[in-house]
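See structure below.
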Amino acid sequence: MPPDELRVHGRAALEWVAQYLETIRDTPVFDTPEPGFLAEALPGAAPEHGEEMGVILADFERLVVPGLTHWNHPGFYGYFANSASGPGILGELLASAVNVNSMVWKSSPAATELEDVTTRWLARMLGLPDTFEGVINDTASSSTMYALAAARETTFPEAHEKGLFGLPPGRVYASEEAHSSVEKAVLALGLGQEGMVRIPVDGARRMDPTGLRRAIATDLEAGRRPMAVVPTLGTTGVAAIDPVAAVIEVAREFGVWVHVDAAYGGPAALVPEVAEDFAGWEGGDSIVVNPHKWLFTPMDCSVLYSRRPEVLARAFSIVPEYLTTEQGAHTRSLMDYGIALGRRLRSLKLWFVMRYFGRAGLEGLIEEHLRLARLFASLVEESASWSMASPLELALVVFRHDAGDAVTRAAMDRVNETGRAFLTHTVVDDRVVIRLSIGNIRTTEADVREVWSLLNQAADAER
Ligand code: PLP
């Protein structure tokens, strides 16, 4: 594409982005197409000859966009709501344009150094000491797997050469509420399903440190090897906050690696009013925080912090001849910290976000989400028909209708059908509950009041 053509279509594409974000509030957040709708609308094979970029962009708008669930919509409250901010979008655009690969320092020096700088800035914003070194991965699932690979390296040093065969079974402990990515990592690392030990939770669905101590002691007696404990700060179901300091204390008694899953909750450490949720998290060996969840950075961007980066590197570092460099001995090679050799310039969008909003700006945005969540929870608590299904933690409200599961579920479906809001459900104490996750940069108090009113109308229509 000649530069002049890129200029024309680039301007059009950027104009489209600006308009999309400007009018997103009036677009249905979710439409329900029939599965297969897009495959039917598109040809079965790629075109033999190149097409006009204008036609391609028009098809994107006509065929693809209407079938998207709009995570950028202010009425998006599903899963863990996130959003792409303007500076994040521009960072992503420029990262694609320069298209560097930061395998080693020499393959793109500024990329390696910007990843160091941005992860250090973020750590300081979150109150983590400089002893933590960060790398940026695609997702928390990868970050957690890499952290547990480092834990495996310390627990079973002999496995690096010989594999796990013939060694005692390794065990990873996480609460009953921990994310499935922990179990996936356990599977991928060869520990088998039995390698994952689910620790009971208390009434607020937080890991019980006494149960943890008991589980570790039982495993040791049986000749199994405790490998890692994974407390979560903001669980997926109800945003429960595991008592991280107490969990770390138990893990330390037994010399077990602690990986803190703060994929969702981490950015809230910016806000003093919830600082106590994070007290002691710096005692972990590794921590994952996802700027692509609650720090207004477009997918994908997951920061893995480790106080023992040398162990992470021991787990993954293999340097073939063609990647040896004269700077290798005194610079970081990002390829050493995970499976991926190729790494794109993910730090750029995070750097743009941190500079554009500033620490105080980011704190203000998250504080506002916490306020909106408290507001919505108070509406639920004051209502005669709805109840909280779990104590409010961070910006996730978990609630249900008092008339039972069918009404809860139907009310949620009806609201989703309006296109004004998008909610997702889970099950708590065998009851269907709705999760309202506030994390979108465009969500306002009026939006939150609107979804409350829609839910009440929907529930009334059901009864
Ligand atoms: N940890 C928690 C607590 C999560 O809620 C999630 C996803 O929602 C993950 C980890 C996995 O995140 P990712 O999609 O970045 O792999």
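In each ligand, atom 1 is the first atom listed, and ligand 1 is the first ligand listed.
- Judged by a 6.0 Å distance limit and a 45° cone about the ring axis, Arg435 is positioned over the six-membered ring of Phe80.
- Ligand-side atoms of ligand 1 in range of Ser181: 10 (C), range being under 4.0 angstrom from any heavy atom.
- In this structure, Tyr264 and Trp294 have parallel ring planes: the angle between them is below the 30° cut-off, well short of the 60° mark.
- At least one heavy atom of Gly234 sits closer than 4.0 Å to an atom of ligand 1.
- Remark: minimum distance from atom 1 (N) of ligand 1 to any protein heavy atom is reached at Asp261 OD2, 2.7 Å.
- The proximity of Asn290 to ligand 1, defined as any non-hydrogen pair under 4.0 Å, is limited to the side chain.
- Only one option out of Arg307, Arg308, His259 pairs with Ser286 in a side chain to side chain donor-acceptor pair (under 3.5 Å); it is His259.
- Taking every non-hydrogen atom of Ala263 and a distance limit under 4.0 Å, the qualifying atoms of ligand 1 come out as 1 (N), 10 (C).
- Taking Asp219 as the reference, Arg224 meet the salt bridge (charged side-chain N to carboxylate O under 4.0 Å, His left out) condition, with sequence neighbours excluded.
- Taking 4.5 Å as the limit, some side-chain heavy atom of Glu176 sits within range of a side-chain heavy atom of Pro200.
- At a heavy-atom cutoff of 4.0 Å, ligand 1 is contacted by both the backbone and the side chain of Ser141.
- Given atom 5 (O) of ligand 1, the protein heavy atom at minimum distance is Thr236 OG1, 2.9 Å.
- Listed here is the closest heavy atom pair of Met145 and Leu189: O-CD1, 3.8 Å.
- Using a distance-only test at 3.5 Å, with no hydrogens or angles considered, a donor-acceptor pair links the side chain of Tyr305 to the main chain of Thr119.
- Considering only non-hydrogen atoms, atom 13 (P) of ligand 1 lies nearest to Ala140 out of Cys301, Ala140, Ser143.
- Phe80 counts as a contact of ligand 1, since one of its heavy atoms falls under 4.0 Å from the ligand.
- In this structure, Phe76 and Phe422 have parallel ring planes: the angle between them is below the 30° cut-off, well short of the 60° mark.
- At the top of the distance list for atom 11 (C) of ligand 1, counting protein heavy atoms only, stands His179 CE1, 3.4 Å.
- Heavy-atom contacts of His292 reach the following atoms of ligand 1: 15 (O) (cutoff under 4.0 Å).
- Looking at atom 8 (O) of ligand 1, its nearest protein heavy atom turns out to be Lys293 NZ, 3.1 Å.
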